[in-house]
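Written out below as structure tokens is the structure these notes cover.
Just so it is clear, the values below take in all heavy atoms, side chains as well, and ignore hydrogens, waters and symmetry mates.
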Amino acid sequence: MRPAIAVIYNQPGHGRYSAMGEDRAELSVLDAAQAVEKALVRRGCPAVRVPLSPPLGGVLDQLKAIRADLVFNLFEGFDGSPETEAAVASLLSDLGFRYTGSPGPALALALDKYRTQQTLERAHIPTPACQVLGPNGIHSFCLKFPCIVKPCREDASHGLSEESVVAGFPELEERVKRISRLFGDRALIEEYVDGRELNVTVIGREEPVALPLSEIVYTLPEGMPRILTFAAKWVPTSLYFKNTKSVCPAEIESELHTRIVNIAVTAFKLLGCSGYARVDFRLDADKGPLVIDVNPNPDISPDSGAALQAGAAGIEYEEFVERIALQALGQA
């Protein structure tokens, strides 16, 4: 008998992201939930979508009402509260559900970009040099320009724009103040690596494996920094969106491919990821591949990078979704 599956996701609302004009990432979860439900049904699994609505205090009752063999967890956090993604996964664990994706502690660690960097560095996994600074501590800056300034605890490229790459102290100070004002937190500052950008999706549980690598190819006008901004992901009318594409499989030599895969799988295990996660890299001319992000539970909608990589491995979308579900049930 095929398992009954509840597909949970965050009901888009009005919060910080919508006020900033960056709510498209949250709205996209509706497309992902519909696609996953449809894929499961086509593979013979009874499935139903369950939107979760804020506040977080009411989510426990919503989860207790679920009657299913498995929860397919597409919850990405409520608008402006990315930390609720980890909280909901932890609630699923507390309630004894089997669910897809990573557990709460892994999601909480990966959300904190600085803690993630520190964790990777302690395991001798190379990352860009970085600092975390707020407006009052800006004079403690000790990195080399150019740098990229990011929110320290956000996903989906929130807060990333053309102005995020800074070449001098006045720009740095302005950007740190902006990030602090918009996101209520200190900013993560990294030395900017202007090399090739690659990413790989790792899938599995006890023995995770890597899907084919993708390269983010930028054909931007001169002077525009080659970074995956919010617009590059979510605003089809923008120059960034039109001049950024994912190429899979990436054309790289065998030795480098092996090195990146080994680093990605190691990072996946180190952070406690499960099910599926994406590891992002930049290639430094001297240091080689540097991990710039680890993203547990990334977007798996049909046009996502994860789905593209699965397709390159010969796994069509419905099979990919089913495989994630069966792995969570210990059946694949």
Side-chain angles (χ1 to χ4, degrees), residues 3 5-10 25 28-29 31-33 35-37 39-40 43 45 47 70-77 82 85-86 88-90 92-93 97-111 116 155-156 198-214 233 246 248-249 260-281 291-332:
I5 300 175
V7 181
I8 67 168
Y9 60 99
N10 43 294
S28 70
V29 75
D31 298 330
V36 166
E37 179 197 29
L40 291 169
R43 300 296 282 194
C45 299
L70 176 74
V71 172
F72 204 113
N73 183 18
L74 297 180
F75 184 82
E76 297 176 347
E85 179 182 21
V88 165
S90 293
L92 291 172
S93 293
F97 280 109
R98 291 193 174 193
Y99 61 94
T100 62
S102 291
L107 293 168
L109 173 56
L111 178 65
T116 296
D155 287 321
L198 301 158
N199 65 73
V200 58
T201 301
V202 179
I203 61 172
R205 300 180 79 81
E206 287 75 18
E207 296 296 332
V209 297
L211 294 176
L213 274 65
S214 291
K233 287 184 177 180
S246 185
C248 184
I260 289 174
V261 165
N262 288 340
I263 292 173
V265 171
T266 300
F268 182 97
K269 294 178 179 179
L270 184 66
L271 268 65
C273 299
S274 183
Y276 58 105
R278 191 191 69 244
V279 184
D280 301 339
F281 294 83
V291 176
I292 59 172
D293 197 16
V294 180
N295 186 6
N297 297 14
D299 180 19
I300 55 167
S301 56
D303 60 352
S304 67
L308 177 67
Q309 293 176 17
I315 307 169
E316 54 89 22
Y317 184 70
E318 291 174 11
E319 180 186 353
F320 179 49
V321 170
E322 182 188 36
R323 183 176 296 192
I324 290 172
L326 293 181
Q327 284 177 342
L329 287 166
Q331 298 177 14

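With rounding to the nearest 0.5 angstrom, the CG atom of Asp303 is 9.0 Å from the OG atom of Ser28. Put simply, CG on Leu308 and OG on Ser246 are 5.0 Å apart, with the number rounded to the nearest 0.5 Å. To the nearest 0.5 angstrom, Arg43 atom CZ is 11.5 Å from Ile5 atom CD1. Here the CD-CD distance, from Gln327 to Glu207, works out to 11.5 Å after rounding to the nearest 0.5 Å. Note that the CZ atom of Arg98 and the CG atom of Leu92 stand 14.0 Å from one another [nearest 0.5 Å].
A 4.5 Å side-chain heavy-atom check between Ile315 and Leu211 finds at least one atom pair inside the cut-off. A heavy-atom distance below 4.5 Å is not found between the side chains of Val36 and Phe320. Contact of the Glu85 side chain with the Asp155 side chain is registered, since non-hydrogen atoms from C-beta on lie closer than 4.5 Å. At a threshold of 4.5 Å between non-hydrogen side-chain atoms, the residues Ile263 and Phe281 count as touching. Between Phe72 and Val321, the closest side-chain pair of non-hydrogen atoms falls below 4.5 Å.
Judged as a side chain to side chain donor-acceptor pair (under 3.5 Å), and not counting sequence neighbours, Ser90 has no contacts.
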TODO: Step by step, work out the side-chain contact (heavy atoms from CB on, under 4.5 Å) result for Val265 and Val209.
DONE: CA-CA 7 Å; Val265 171; Val209 297; over 6 Å; no
Open item on the list: Would Val88 and Asn10 count as a side-chain contact (heavy atoms from CB on, under 4.5 Å) here? Give the steps.
Closed with: CA-CA 10 Å; Val88 165; Asn10 43 294; over 6 Å; no
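Taking each heavy atom of Ala33 and Leu74 in turn, the nearest pair found is CA-CD1, 3.6 Å. Contact between Glu37 and Ala47 at its shortest, heavy atoms only, is OE2-O, 3.6 Å. The two atoms that bring Ser214 and Gln309 nearest to each other are OG-NE2, 3.1 Å, heavy atoms only.
For the side chain to side chain contact (heavy atoms under 4.5 Å, CB included) criterion with Leu213, the lone passing option out of Thr201, Ile260, Val279, Asn199 is Ile260. For the side chain to side chain contact (heavy atoms under 4.5 Å, CB included) test with Thr116, the passing option among Leu271, Leu270, Val291, Asp293 is Leu271; the others fail. If you run side chain to side chain contact (heavy atoms under 4.5 Å, CB included) between Tyr276 and each of Asn295, Val202, Ile300, only Ile300 comes through.
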Which pairs of donor and acceptor atoms, one on a side chain in residues 99-111, lie under 3.5 Å apart (sequence neighbours left out)?
{"residue": "Tyr99", "atom": "OH", "partner": "Ser93", "partner atom": "OG", "Å": "2.6"}
{"residue": "Thr100", "atom": "OG1", "partner": "Asn73", "partner atom": "N", "Å": "2.8"}
{"residue": "Ser102", "atom": "OG", "partner": "Ser274", "partner atom": "N", "Å": "3.0"}
{"residue": "Ser102", "atom": "OG", "partner": "Ser274", "partner atom": "O", "Å": "3.3"}

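A side-chain donor-acceptor contact under 3.5 Å links Ser304 to the backbone of Asp299.
Note on residues 266-278: pairs passing salt bridge (charged side-chain N to carboxylate O under 4.0 Å, His left out), not counting sequence neighbours, are Arg278-Asp280.
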